[in-house]
Each structure stands twice: as structure tokens, then as C-alpha cells.
Amino acid sequence: MVLYRDEAIVLRTHKLGEADRIITLLTRENGRIRAVAKGVRRTTSRWGSRLEPFTHVDLQLAHGRNLDTVTQAETRGSYAAPIGFDYDRYTAGTAMLETAERLVVEEREPARQQFALLLGGLNAMAAGERRPGHVLDSYLLRALAIAGYAPAFVDCAHCGRPPVTATGELGSHRWFNPSMGGVLCSTCRIPGSATPARETLTLLGALLAGDWPVIEAAEPRHVKEANGLVAAFVQWQLERGLRSLAYVER
């Protein structure tokens with residue numbers, strides 16, 4: 001039996017047999033893996049609460065032919081209670097877990113940046129100091145950027161042209177299209193592109209950069225418009241929408 005240790009966030013679980021569960025994990029060193037946790041559904045199990053979604057754990061696992069097996073589990077941080085007892089936090093947090101699972105496609109491929117981003121996002125969500133929708137949108141944009149799908153909110157996503165006005169000042173492009181990767185100049189715009197407010201594009205850039213003073217100062221109408229654009233961008237890049245995003249209050 002070959003054993004190894006890793007730090008992980010529990011993304012999802014489902015039943016296996018009468019007492020076991022299959023746990024989907026995002027680990028620091030081994031990326032996304034699936035492992036069997038034997039006996040965790042029994043009332044006498046020591047591990048039951050340690051292997052629930054939103055839990056940050058230290059694990060010892062045994063390599064298996066198809067699925068690894070959890071042999072030890074120690075809790076490093078449990079976000080299930082502070083996130084799970086608030087509907088807005090829970091739905092937003094669930095969308096974050098689903099996004100992480102969808103973006104880390106290959107099993108056992110290191111995904112340290114995605115792991116660190118998700119852990120930070122869950123910390124922020126559990127703390128309750130920021131709006132769940134803001135934390136979610138910032139996480140979604142940054143997770144996509146790490147995966148190679150960084151949106152363009154300043155220069156044209158197609159030709160790279162900066163938004164310079166006739167007087168030589170920095171302005172903003174008027175059009176946004178998820179299929180093109182972000183904002184578009186007048187030359188590159190295509191039919192069906194949205195025309196968001198300049199303040200909305202500023203907010204989107206702040207969400208991507210994690211500029212919280214700008215995010216928290218945004219007006220509700222610009223927040224609502226940004227929500228829709230983030231959802232559209234995520235749906236396009238992932239090729240199908242996040243199921244959990246439909247339950248997020250917008």
C-alpha cells in the first residue's frame with residue numbers, strides 16, 4: 001500500500017454502498033482527485049463531519065487502481081456552518097465549489113493557484129464581511145483567469161486596441177461580448193454585443209483585480225449589470241452553465 005499526504009478542500013460527496021462515500025477533492029499538490037472514505041456514513045464514524053463540502057482538511061490517502069482511499073483526516077478549517085446557515089452564502093459558495101471542479105479538468109495535475117484562490121474565497125465567504133455576490137463574481141473571474149480565460153475589460157479583446165478618445169485621453173470601449181473574451185472596439189464589435197456602462201466595466205476590472213474599495217462603492221445598477229456579464233462570460237467559457245449559479249440571488 002502506497003500512502004501519501006496532501007491538503008485538500010472537499011468539493012462534493014456522493015454515497016457508495018451502505019456506509020461509504022466517494023469524496024471529490026481539490027488538493028494543493030495533486031489537483032483534483034476522487035477518493036473513497038470508508039464507513040463515514042455510520043453514526044460512529046470519526047470522519048463524517050471532516051469530509052463534508054466546504055471543509056479544509058489534511059489527509060493521508062492510499063493509492064488505488066481506480067479510486068484512492070482516505071486513511072486519515074484532520075480538519076484545518078470548516079466553513080460548512082458559517083456558509084451553510086446563510087442562503088446567499090451557501091448558494092454562492094456552492095457555485096465556487098462547482099467552478100473549481102469544472103476548471104481543474106485533469107485529475108492529479110497540480111493546481112496550486114486554483115487551490116489557494118478557492119481557499120481564500122471560502123475564507124472571505126465564511127467571514128461575512130463582504131457581500132456573497134461580490135465574493136463569488138471576483139472568484140469566478142480570477143479562477144477563469146488562472147485557467148487561461150482572462151477577460152479583457154480595458155483594451156479590445158480582439159485587436160488589443162486601447163480605449164483612447166479623440167482628445168487622447170483614456171476612455172472605455174462601448175461593447176462587451178463573452179464569445180470574444182471581453183470588451184470590443186468599434187471596429188471589432190459583432191452583432192449581439194452588450195453595451196455596458198463605463199462604471200460597470202470599471203467594476204468588472206475591480207472584481208478581477210480584487211480592488212475591494214472600488215467594488216464596495218459601486219452602485220446597485222452597475223452591480224446588477226456586472227452580475228449578468230460575469231454569468232454570461234462564465235457560461236461561454238465553460239461551454240455550459242453552472243447548475244448552482246441558477247440558485248444564486250442576483
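Note that the structure is a prediction, hence the values are computed from the model and not measured.
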Chemist: Ser244 and side chain to side chain contact (heavy atoms under 4.5 Å, CB included): which single residue from Thr94, Leu97, Thr99 fits?
Modeler: Thr94
Chemist: With heavy-atom distances below 4.5 Å as the criterion, would you say the side chains of Leu208 and Ser138 are in contact?
Modeler: no
Chemist: Do Val36 and Val70 come within less than 4.5 Å of each other through their side chains, counting heavy atoms only?
Modeler: no
Chemist: Is it the case that one hydrophobic cluster holds both Leu204 and Val214, taking links as side-chain heavy atoms less than 4.5 Å apart, direct or via other members?
Modeler: no
Chemist: Under 4.0 Å between a side-chain nitrogen and a carboxylate oxygen: does that hold for Arg130 and Glu216?
Modeler: yes
Chemist: To the closest 0.5 Å, what do you measure between OG1 (Thr202) and CD1 (Ile215)?
Modeler: 12.0 Å
Chemist: If you apply the rule salt bridge (Lys or Arg N to Asp or Glu O under 4.0 Å), what do you find for Arg221 with Glu225, and how did you get there?
Modeler: CA-CA 6 Å; Arg221 61 195 175 103; Glu225 189 173 37; over 6 Å; no
Chemist: How close do Leu203 and His222 get, heavy atom to heavy atom, and via which atoms?
Modeler: CD2-O, 3.6 Å
Chemist: Is Glu101 paired with Arg34 through a side-chain N to carboxylate O contact shorter than 4.0 Å?
Modeler: no
Chemist: Please evaluate residues Leu26 and Val10 with respect to the criterion side-chain contact (heavy atoms from CB on, under 4.5 Å), reporting the C-alpha separation (whole Å), side-chain torsions for both, the decisive distance (0.1 Å), and the verdict.
Modeler: CA-CA 7 Å; Leu26 179 61; Val10 180; over 6 Å; no
Chemist: With a 4.5 Å cut-off on side-chain heavy atoms, are Asp6 and Arg28 touching?
Modeler: yes
Chemist: Give the intermediate values and the outcome of side-chain contact (heavy atoms from CB on, under 4.5 Å) for residues Arg189 and Asn177.
Modeler: CA-CA 8 Å; Arg189 64 170 175 159; Asn177 195 294; over 6 Å; no
Chemist: Could you tell me whether Arg112 and Glu29 have a side-chain N and a carboxylate O separated by less than 4.0 Å?
Modeler: yes
Chemist: Quick one: are Val154 and Pro163 in side-chain contact, heavy atoms under 4.5 Å?
Modeler: yes
Chemist: Quick check: are there more than 12 heavy atoms from other residues, nucleotides or ligands sitting under 6.0 Å from CZ of Arg131?
Modeler: no
Chemist: Over all heavy atoms of both residues, which pair between Val183 and Asp155 is shortest? Give the atoms and the distance, please.
Modeler: CG2-O, 3.3 Å
Chemist: Do you reckon Leu201 sits in the same ILVMFWY cluster as Trp212, going by side-chain contacts under 4.5 Å, direct or chained?
Modeler: yes
Chemist: Is any side-chain heavy atom of Thr55 closer than 4.5 Å to a side-chain heavy atom of Ile9?
Modeler: no
Chemist: Holding to side-chain contact (heavy atoms from CB on, under 4.5 Å), I want the full list of residues that pass it with Ala126, two or more places apart in sequence or in another chain.
Modeler: Tyr79, Pro82, Ile83
Chemist: So, does Thr91 use its side chain to make a donor-acceptor pair with the main chain of Tyr87 at under 3.5 Å?
Modeler: yes
Chemist: Hey, quick one: are Phe176 and Met180 part of the same hydrophobic cluster, counting side-chain heavy atoms closer than 4.5 Å, chains of contacts allowed?
Modeler: no
Chemist: Can you tell me how far the SG atom of Cys185 sits from the NE2 atom of His158, to the nearest 0.5 Å?
Modeler: 9.0 Å
Chemist: Rounded to the nearest 0.5 Å, what's the gap from CG on Leu118 to CZ on Arg142? Could you check?
Modeler: 12.5 Å
Chemist: Could you tell me the separation between the CG atom of Leu117 and the CG atom of Leu122, rounded to the nearest 0.5 Å?
Modeler: 9.5 Å
Chemist: Check for me, please, whether Leu229 and Trp175 land in the same ILVMFWY cluster - side-chain distances under 4.5 Å, paths through other members count.
Modeler: no
Chemist: Give the cluster check for Ile146 versus Leu11: same hydrophobic cluster or not, with ILVMFWY residues linked at side-chain heavy-atom distances below 4.5 Å.
Modeler: yes
Chemist: If you compare all heavy atoms of Ser78 against all heavy atoms of Thr75, which two are closest, and at what distance to 0.1 Å?
Modeler: N-CG2, 4.1 Å
Chemist: Atom CZ in Phe233, atom CZ in Phe153: separation rounded to 0.5 Å?
Modeler: 6.5 Å
Chemist: Between Leu140 and Leu242, is there a side-chain heavy-atom distance shorter than 4.5 Å?
Modeler: yes
Chemist: Can you sort out the partners of Gln60 under side-chain contact (heavy atoms from CB on, under 4.5 Å), two or more places apart, ordered by chain and number?
Modeler: Leu3, Arg5, Thr71, Gln72
Chemist: Assess whether salt bridge (Lys or Arg N to Asp or Glu O under 4.0 Å) is satisfied between Arg21 and Glu52, documenting all intermediate values.
Modeler: CA-CA 10 Å; Arg21 276 200 176 102; Glu52 293 294 332; 3.5 Å; yes
Chemist: Side chains of Glu7 and Thr27, heavy atoms from C-beta outward: is any pair under 4.5 Å?
Modeler: no
Chemist: Kindly compute the distance separating CE (Met125) from CG (Asn123), expressed to the nearest 0.5 Å.
Modeler: 11.5 Å
Chemist: For Arg50 and Glu74, run salt bridge (Lys or Arg N to Asp or Glu O under 4.0 Å): C-alpha distance rounded to whole Å, both residues' side-chain angles, the deciding distance at 0.1 Å, then the answer.
Modeler: CA-CA 7 Å; Arg50 303 178 192 179; Glu74 296 180 6; over 6 Å; no
Chemist: Is there a side-chain contact (heavy atoms from CB on, under 4.5 Å) between Leu184 and His173 once you walk through the steps?
Modeler: CA-CA 6 Å; Leu184 299 172; His173 293 306; over 6 Å; no
Chemist: Among residues at least two apart in sequence or on other chains, which ones pass salt bridge (Lys or Arg N to Asp or Glu O under 4.0 Å) with Asp68?
Modeler: Arg108
Chemist: Within a strict 4.5 Å, meaning less than it, do heavy atoms of the Cys159 and Thr187 side chains meet?
Modeler: no
Chemist: Kindly determine whether Leu103 and Leu238 satisfy side-chain contact (heavy atoms from CB on, under 4.5 Å), including the steps that lead there.
Modeler: CA-CA 8 Å; Leu103 287 177; Leu238 294 181; 3.5 Å; yes
Chemist: With a cut-off of 6.0 Å (strictly less than), are more than 12 heavy atoms of other residues, nucleotides or ligands near OH of Tyr4?
Modeler: yes
